[in-house]
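Take a look at the structure set out below.
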2 protein chains.
Amino acid sequence: MATSFAEENYLKIIYRLSESTLEDISTNAVAELTQTKAASVTDMLRKLAEKGWVNYQKYQGVRLTEEGEKIALSIVRKHRLWEVFLVEKMGFNWDEVHEIAEQLEHIESEALINKLDEFLDFPKTDPHGDPIPNKEGILPELGYMHLSDLKENKACVLMGVAKDSAVFLQLLTRLHLSLGAKLIVKEINPFDRSISVSINESGPVFISHEVAKNILIKMA
Amino acid sequence: MATSFAEENYLKIIYRLSESTLEDISTNAVAELTQTKAASVTDMLRKLAEKGWVNYQKYQGVRLTEEGEKIALSIVRKHRLWEVFLVEKMGFNWDEVHEIAEQLEHIESEALINKLDEFLDFPKTDPHGDPIPNKEGILPELGYMHLSDLKENKACVLMGVAKDSAVFLQLLTRLHLSLGAKLIVKEINPFDRSISVSINESGPVFISHEVAKNILIKMA
DNA sequence: AATATTTTTTAGTCAAGACTAAAAATTTAT
DNA sequence: ATAAATTTTTAGTCTTGACTAAAAAATATT
Ligand SMILES: [Mn+2]
Ligand SMILES: [Mn+2]
Ligand SMILES: [Mn+2]
Ligand SMILES: [Mn+2]
């Protein structure tokens, strides 16, 4: 069955919200991310349920069906592969690609996306460290930790971010915190949990707990 | 001003129709190419005129304003650059790319399309030999002739096609008539103007006048 | 010149996807 | 257990871009 841009965006957003909770997703939560009003969301949820892509009972919240999740994953796959393309091949910075990928993710061609995947050498993660589903819709298990959970003097590598707003990414860039950087937490300030981190053996940089929480790492 | 997909498609089609005539474009002609009904076209023409992209007076036909032509050319530029990308980088055949480019042409990012242009090495023509407008909207002058106008025993090179339906392109491929092929018209049959052509010095192939008319060449 | 045919426009509908305002259900606080 | 606050749904509108059927204008034919 064909999917409109609007439907694809709703499914993708319900998917994103489902990643961080086991509970049903609320109408308001969806409205916030889709940048629409709750009333519009109610309308759309009924349509999506009608098509068998979500389970929805009024006042009970929503969750994806198996088929809905399959569609959502294919959108996520396209979004992330295009982001890789934009950074690796077009020379964009990691804070510039999200908006363009929001458009490209709706291009409908199985053949194209699989050729793109091959062209990019089957990347496992996008420029923000987010996992890319393969063509069967399976997400690679990455097992990243948050920098905020790391003990002092442990070495790790920056693998991704838990939030990809342009301002946040630009901040990281300014601090030389980019993918692949070798990090060591030098000191954790117990008062506000801000930390000082050395980056690739050079002079430590101070970052807030809020920032550290959104940096994904793996142990070196 | 923002342009919707529908508006972009109408402008592009009015542009295409304007290429082959100096007359105003009729409602019916637009309806045929947009795959809509004349009544729908009338509606849209009023809206486009309202926005200043076409000159339209009822019963008089339509033509693009300067601004409308600028928009149309930017869509054509995107369409053709994406087609080059699909063939050169993604490995599609020339008969497979049009539908996908119909989608990609609506991606809105000046930065992206200019980076793509550079990535592809500033191609002058797309996989069907059609000229690609540069970022100022200037079309390169190619001066191609139709194979049907060539005299016997003159050598030429196949530079493009005047029609890019998949069936036509597949026919050419089957006959080994691809871009860059060296052609010599061996014989013109005066009865139906069908011709026999040698391709890259090898055994001649017979093609109808209809096919020859749609093959674009330059003198060798 | 009058009539027939074709083209184009108008009038009225429809579906998708948004909105606001008001009503109903649920949750939280007293 | 009520009352208050919050969330969600319903009801009614709007815009975009399609459609059909009918009317009007333009063009072609006799
Ligand atoms: Mn993104
Ligand atoms: Mn990303
Ligand atoms: Mn094309
Ligand atoms: Mn083309």
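Protein chains get the first letters and strands the later ones, always in sequence-line order, with residue 1 at the start of each.
B/Ala6 comes within contact range of the sugar-phosphate backbone alone, with a heavy-atom separation under 4.0 Å but no base atom that close. A/Thr36 comes within 4.0 angstrom of the backbone, heavy atoms only, and of no base. Among the heavy atoms of the strands lying under 4.0 Å from A/Thr27 are primed sugar atoms or P, OP1, OP2 only; no base atom is included. Counting non-hydrogen atoms under 4.0 angstrom, A/Tyr56 reaches the backbone sugars and phosphates but no base. Across all strands, A/Tyr10 comes closer than 4.0 Å only to sugar-phosphate atoms, never to a base (heavy-atom distances).
Spacing between atom CD of A/Gln57 and atom P of D/dT9 amounts to 11 Å, rounded to whole angstrom units. Atoms CG (B/Asp43) and C1' (C/dT9) sit 9 Å apart, rounded to a whole Å. When the C1' atom of D/dT16 is taken as reference, atom CG of B/Leu48 falls 13 Å away, rounded to whole Å. Here D/dT8 presents its P atom at 11 Å from CD1 of A/Ile25, a figure rounded to the nearest Å. Rounded to an integer number of Å, the gap from A/Met44 CE to D/dT8 P is 18 Å. Here the P atom of nucleotide D/dT27 and the CD atom of B/Glu23 are 11 Å apart, to the nearest Å. Rounding to whole angstrom units, CG of residue B/Asn9 and P of D/dT16 are separated by 17 Å. The distance from atom CZ of B/Phe5 to atom C1' of D/dT15 is 18 Å, rounded to the nearest whole Å.
Remark: side-chain polar atoms of B/Thr21 are not paired, donor with acceptor, to backbone N or O of B/Ser18 under 3.5 angstrom. A side-chain donor-acceptor contact under 3.5 Å links A/Thr65 to the backbone of A/Trp53. Using modelled atom types, no side-chain atom of B/Arg77 and backbone atom of B/Ile132 make a donor-acceptor pair closer than 3.5 Å.
The side chain of A/Arg46 contributes an N or O atom lying less than 4.0 Å from OP1 or OP2 of D/dT10. Between B/Lys37 and the phosphate of D/dT20, there is a side-chain N or O to OP1/OP2 separation shorter than 4.0 Å. OP1 or OP2 of C/dA18 has not a single side-chain nitrogen or oxygen of A/Ser40 nearer than 4.0 Å. One finds no side-chain N or O of A/Thr42 lying less than 4.0 angstrom from the OP1 or OP2 phosphate oxygen of D/dT10. For C/dT26, neither phosphate oxygen OP1 nor OP2 lies less than 4.0 angstrom from any side-chain nitrogen or oxygen of A/Lys58. The phosphate of C/dT8 has OP1 or OP2 within less than 4.0 Å of a side-chain N or O from B/Asn28.
Using a 4.5 Å heavy-atom cutoff, the side chains of B/Asn93 and B/Val87 are not in contact.
Comparing A/Ala39 and B/Ala29 against DNA chain C, the residue whose closest nucleotide sits nearer the 5' end is B/Ala29. Of the two residues contacting DNA chain C, namely B/Val41 and A/Ala38, the nearest-nucleotide position lying further toward the 5' end is that of B/Val41.
Of all nucleotides listed (C/dT8, D/dG17, C/dT26), C/dT26 comes nearest to the side chain of A/Tyr59. Here the nucleotide nearest the side chain of B/Ser26, chosen from D/dT20, C/dT20, C/dT8, is C/dT8.
Electrostatic pairing of A/Lys51 and A/Glu7 counts as a salt bridge here, judged by a charged N lying under 4.0 Å from a carboxylate O. B/Lys12 and B/Glu105 are joined by a salt bridge, as a carboxylate oxygen and a charged side-chain nitrogen come within less than 4.0 angstrom of each other.
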